[in-house]
Novice: 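One structure, as structure tokens, below. Some questions next.
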Amino acid sequence: MSHTLPADFLWGNSVSSMQTEGGWDADGKGKSVYDIRPATADTSDWKFANDNYHHYTEDFDLMAAEGMNCYRFQISWSRVNPTGDGAWNQAGIDYYSRFIDDLIKRGIQPMICLYHFDMPLALAEKYDGFMDRHVVDAFVRYGKKMIDEFGDRVKYWITFNEQNLYFMPGASVIAGSSKAPHTADTLYTIAHHIMLAHSQVVAYLHKTTHDQIGGMLAYAEFYPATCKPADVQAVRKTDEFLNRDLLDVFVHGHYSNEVLTYVKNHHINMDWQDGDEKILGATTSDFLAFSYYRSSTINSDLIPDDTLVNEWPNKGDQANPYLKTSEWGWQIDPTGFRDVIDKLYDQYGVPIFPIENGIGVREEYNGTQIQDDYRIDYHRAHIQAMEDAMFEDGVPVIGYLGWGLIDILSSHGDMNKRYGMVYVNRTNHDLKDMKRIPKKSYYWFEKVIKSNGADLGSDAK
């Protein structure tokens with residue numbers, strides 16, 4: 001097999017709207033659930049982020065200068081439809097149309113994510129988010145409208161960011177639900193509703209365009225703490241419930257038999273209705289996308305009896321003594337990255353697209369270039385692992401997108417946790433001038449892209 005990456009391999013960056021855009025009340029945008037979250041002692045509010053709404057071309061120029069040819073961004077649902085299920089906001093649609101055109105002018109392939117946790121506030125308050133099938137219908141209407149508007153210019157799409165997170169504790173928050181009790185019924189109902197929404201948008205895109213769309217998971221590699229059979233089984237079941245169950249729908253159009261049997265045996269109400277099987281059955285994926293940051297180790301002895309399988313990773317997690325750990329407690333494991341790529345392709349046989357990867361670190365700018373060799377080491381090791389999966393294991397990989405390669409708020413609103421190769425001059429509570437300042441890793445990644453992954457060396461200007 002050739003050890004040269006495809007000429008059209010995609011190198012780029014991923015972000016969400018609420019962590020990047022700002023412009024929270026600009027040009028008719030409705031409120032999302034994030035817009036009303038206050039700042040705390042350790043986090044920012046979400047009103048300004050990095051103000052890309054008003055200054056995104058500066059970041060596009062930085063990405064183009066680095067050589068990036070793909071940008072995965074999220075459309076803010078409440079920017080294009082202020083209430084989520086009402087009249088369209090043409091100013092918001094026009095904004096994203098300009099946004100897409102400006103990417104294409106710079107040779108950057110746009111990739112759209114339709115939902116990244118920022119539920120329109122009106123739908124959260126009136127319907128409790130994705131707990132209600134009305135919101136499923138509203139999302140499908142929104143997704144179809146975006147496909148109609150942008151499907152002629154955007155080749156790659158995903159519906160939901162990290163879709164298996166809705167199967168895990170805390171799912172109600174990211175699904176726009178605050179009223180439903182935190183129970184197994186809630187988890188499974190939200191996850192099922194979101195899969196129904198995904199499936200209908202996928203079917204519409206395939207019917208009306210030649211674009212490509214895939215499911216996306218947050219994929220952490222899981223290891224058993226020991227070779228004890230109970231540890232090995234805990235890892236297998238965790239993978240089945242949190243990953244393979246949804247992957248089976250993405251590719252084959254049905255849930256895992258093991259998971260459905262568990263639902264039946266434990267009398268879990270996932271709001272299954274007549275016709276749902278047909279909706280799911282029409283689902284196919286052109287690629288499988290995932291985020292990857294770390295691996296986890298599961299000790300079955302730490303999992304209390306009668307714990308919902310979906311909660312096993314949290315209950316049974318323990319540190320892996322063979323891996324380095326970031327200051328945020330995430331264990332760095334490029335070998336796990338390769339293994340996830342291999343497993344996905346070996347089991348499902350469609351192209352693979354890692355669309356989030358990176359490391360968060362505390363950094364401060366003192367007037368000289370930030371020497372982030374730790375970030376270079378992280379990305380180099382993961383890119384090498386990806387290339388090993390491609391060249392040694394034969395996996396077709398579409399591209400490699402880092403997470404937030406221009407500093408953005410973390411998922412918890414913390415500007416101290418920086419993933420970027422470009423420093424943004426603001427803190428949690430002081431917007432300063434938001435100046436963009438390339439770090440050492442920016443120039444390293446420029447060399448990687450220019451060589452199309454052949455040169456992973458660390459020497460950079």
Side-chain angles (χ1 to χ4, degrees), residues 162-174 181-192 217-248 255-270 290-344 346-347 357 359-360 378 381-382 385 411-412 417:
E162 299 176 325
Q163 198 160 330
N164 55 341
L165 292 188
Y166 303 98
F167 246 143
M168 301 184 191
S172 58
V173 175
I174 60 177
H182 297 281
T183 65
D185 289 355
T186 299
L187 279 182
Y188 278 79
T189 295
I190 287 173
H192 180 52
L217 302 183
Y219 216 128
E221 176 79 322
F222 294 112
Y223 299 118
T226 71
C227 57
K228 184 170 61 177
D231 289 350
V232 175
Q233 184 189 51
V235 167
R236 187 202 62 77
K237 287 186 74 71
T238 295
D239 188 47
E240 184 72 19
F241 277 64
L242 297 185
N243 299 318
R244 288 179 56 88
D245 181 51
L246 300 187
L247 291 165
D248 282 352
Y255 290 121
S256 154
N257 175 69
E258 182 176 354
V259 174
L260 289 180
T261 302
Y262 182 87
V263 167
K264 179 180 178 180
N265 289 344
H266 289 78
H267 309 290
I268 296 172
N269 178 11
M270 58 185 292
F290 68 100
S291 64
Y292 181 89
Y293 296 94
R294 56 175 175 162
S295 62
S296 296
T297 301
I298 298 178
N299 182 342
S300 61
D301 289 340
L302 301 177
I303 303 173
D305 292 340
D306 298 324
T307 300
L308 192 70
V309 175
N310 307 69
E311 299 179 358
W312 284 8
N314 292 341
K315 301 292 186 180
D317 184 57
Q318 72 173 37
N320 187 330
Y322 300 100
L323 297 174
K324 294 180 180 180
T325 304
S326 78
E327 62 186 297
W328 302 95
W330 289 16
Q331 298 208 273
I332 300 167
D333 182 13
T335 300
F337 186 48
R338 176 180 178 178
D339 194 51
V340 168
I341 293 171
D342 288 342
K343 285 192 298 187
L344 282 171
D346 290 346
Q347 293 167 0
N357 182 234
I359 184 170
Y378 180 96
H382 284 77
S411 59
H412 291 92
K417 190 178 185 182

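One-based numbering along the sequence shown. Only heavy atoms go into these numbers, but all of them, side chains included; no hydrogens, no water, no symmetry mates.
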Novice: So which atom in Pro313 and which in Thr238 form the shortest heavy-atom distance, rounded to 0.1 Å?
Specialist: CG-CG2, 3.4 Å
Novice: Where is the tightest heavy-atom contact between Pro169 and Asn314, given as atom of each residue plus distance?
Specialist: CG-ND2, 3.7 Å
Novice: Got a sec, which pairs hit ring pair (Phe, Tyr, Trp, His ring centres under 6.0 Å) with one end in residues 219-245, sequence neighbours left out?
Specialist: Phe241-Tyr262
Novice: Could you list all the salt bridge (charged side-chain N to carboxylate O under 4.0 Å, His left out) pairs where at least one residue sits in residues 313-330, not counting sequence neighbours?
Specialist: Glu327-Arg362
Novice: What's the separation between atom CG in Asp333 and atom CG in Asp339, rounded to the nearest 0.5 Å?
Specialist: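 One gets 9.0 Å once the value is rounded to the nearest 0.5 Å.
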Novice: Compare every heavy atom of Ser326 with every heavy atom of Ile359, then report the nearest pair and how far apart it is.
Specialist: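 Of all heavy-atom pairs spanning Ile359 and Ser326, the closest is CD1-CB, 4.4 Å.
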Novice: Does some side-chain heavy atom of Ile303 sit less than 4.5 Å from a side-chain heavy atom of Ile298?
Specialist: yes
Novice: For Ser291, what residues pass the side chain to side chain donor-acceptor pair (under 3.5 Å) criterion, not counting sequence neighbours?
Specialist: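 Side chain to side chain donor-acceptor pair (under 3.5 Å) check on Ser291 returns Glu162.
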Novice: For Trp330, check ring-ring contact (aromatic ring centres under 6.0 Å, His included) against everything at least two apart and list the hits.
Specialist: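 With neighbours one apart ignored, the set is Tyr293.
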Novice: Atom CD1 of Ile190 and atom CE of Met168: how far apart are they, to the nearest 0.5 Å?
Specialist: 13.5 Å
Novice: Which pair of heavy atoms, one from Gln331 and one from Leu323, lies closest together, and at what distance?
Specialist: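 Shortest heavy-atom contact: NE2-O, 3.5 Å.
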Novice: Return the set of residues passing side chain to side chain donor-acceptor pair (under 3.5 Å) with Glu311 (not counting sequence neighbours), or none when no residue passes.
Specialist: none
Novice: Under 3.5 Å, is there a donor-acceptor pair between the side chain of Trp328 and the main chain of Gly360?
Specialist: yes
Novice: Can you name the residues that form a ring-ring contact (aromatic ring centres under 6.0 Å, His included) with Tyr378, not counting sequence neighbours?
Specialist: His382
Novice: Minimum heavy-atom separation for Ala234 to Ser300, with atom names?
Specialist: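 Nearest pair, atom of Ala234 first, then Ser300: CB-CB, 4.3 Å.
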Novice: With sequence neighbours excluded, tell me which residues meet side chain to side chain contact (heavy atoms under 4.5 Å, CB included) with Pro321.
Specialist: none
Novice: Only counting residues at least two apart or in another chain, list the ones meeting side chain to side chain contact (heavy atoms under 4.5 Å, CB included) with Pro181.
Specialist: Thr183, Thr186
Novice: How far does CG of Asp185 sit from NE2 of His192, to the nearest 0.5 angstrom?
Specialist: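 Interatomic distance, Asp185 CG to His192 NE2, rounded to 0.5 Å: 13.0 Å.
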Novice: Scan for salt bridge (charged side-chain N to carboxylate O under 4.0 Å, His left out) pairs involving residues 220-241, sequence neighbours excluded, and state none if there are none.
Specialist: Glu221-Lys343, Lys228-Asp301, Arg236-Glu258, Lys237-Glu258, Glu240-Arg244
Novice: Checking Gln318 against Asn299: is there a side-chain donor and acceptor pair closer than 3.5 Å?
Specialist: yes
Novice: Which residues pass the side chain to side chain donor-acceptor pair (under 3.5 Å) test with Ser172, not counting sequence neighbours?
Specialist: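 In terms of side chain to side chain donor-acceptor pair (under 3.5 Å), with neighbours along the sequence ignored, Ser172 is linked to His182.
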Novice: Taking only residues two or more places apart in sequence, or in another chain, which ones meet Tyr292 in a side chain to side chain donor-acceptor pair (under 3.5 Å)?
Specialist: none
Novice: Should Phe167 and Leu217 count as side-chain neighbours, where that means a heavy-atom distance under 4.5 Å?
Specialist: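 A side-chain contact under 4.5 Å is absent here.
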Novice: Main chain of Ala218, side chain of Asn164: is a donor-acceptor contact present, judged purely on distance under 3.5 Å?
Specialist: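 Yes; at least one donor-acceptor contact below 3.5 Å.
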Novice: Ile341: what forms a side chain to side chain contact (heavy atoms under 4.5 Å, CB included) with it, not counting sequence neighbours?
Specialist: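 For Ile341, the residues satisfying side chain to side chain contact (heavy atoms under 4.5 Å, CB included) (neighbours in sequence not counted) are Phe290, Phe337, Ile352, Met386, Ala389, Val395, Val397.
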Novice: Would you say the side chain of Ile268 lies within less than 4.5 Å of the side chain of Leu308, judging by non-hydrogen atoms?
Specialist: yes
Novice: Any chance you could measure Asn320, atom CG, to Arg294, atom CZ, to the nearest 0.5 Å?
Specialist: 13.0 Å
Novice: Can Leu187 and Tyr166 be said to form a side-chain contact (heavy atoms from CB on, under 4.5 Å), step by step?
Specialist: CA-CA 7 Å; Leu187 279 182; Tyr166 303 98; over 6 Å; no
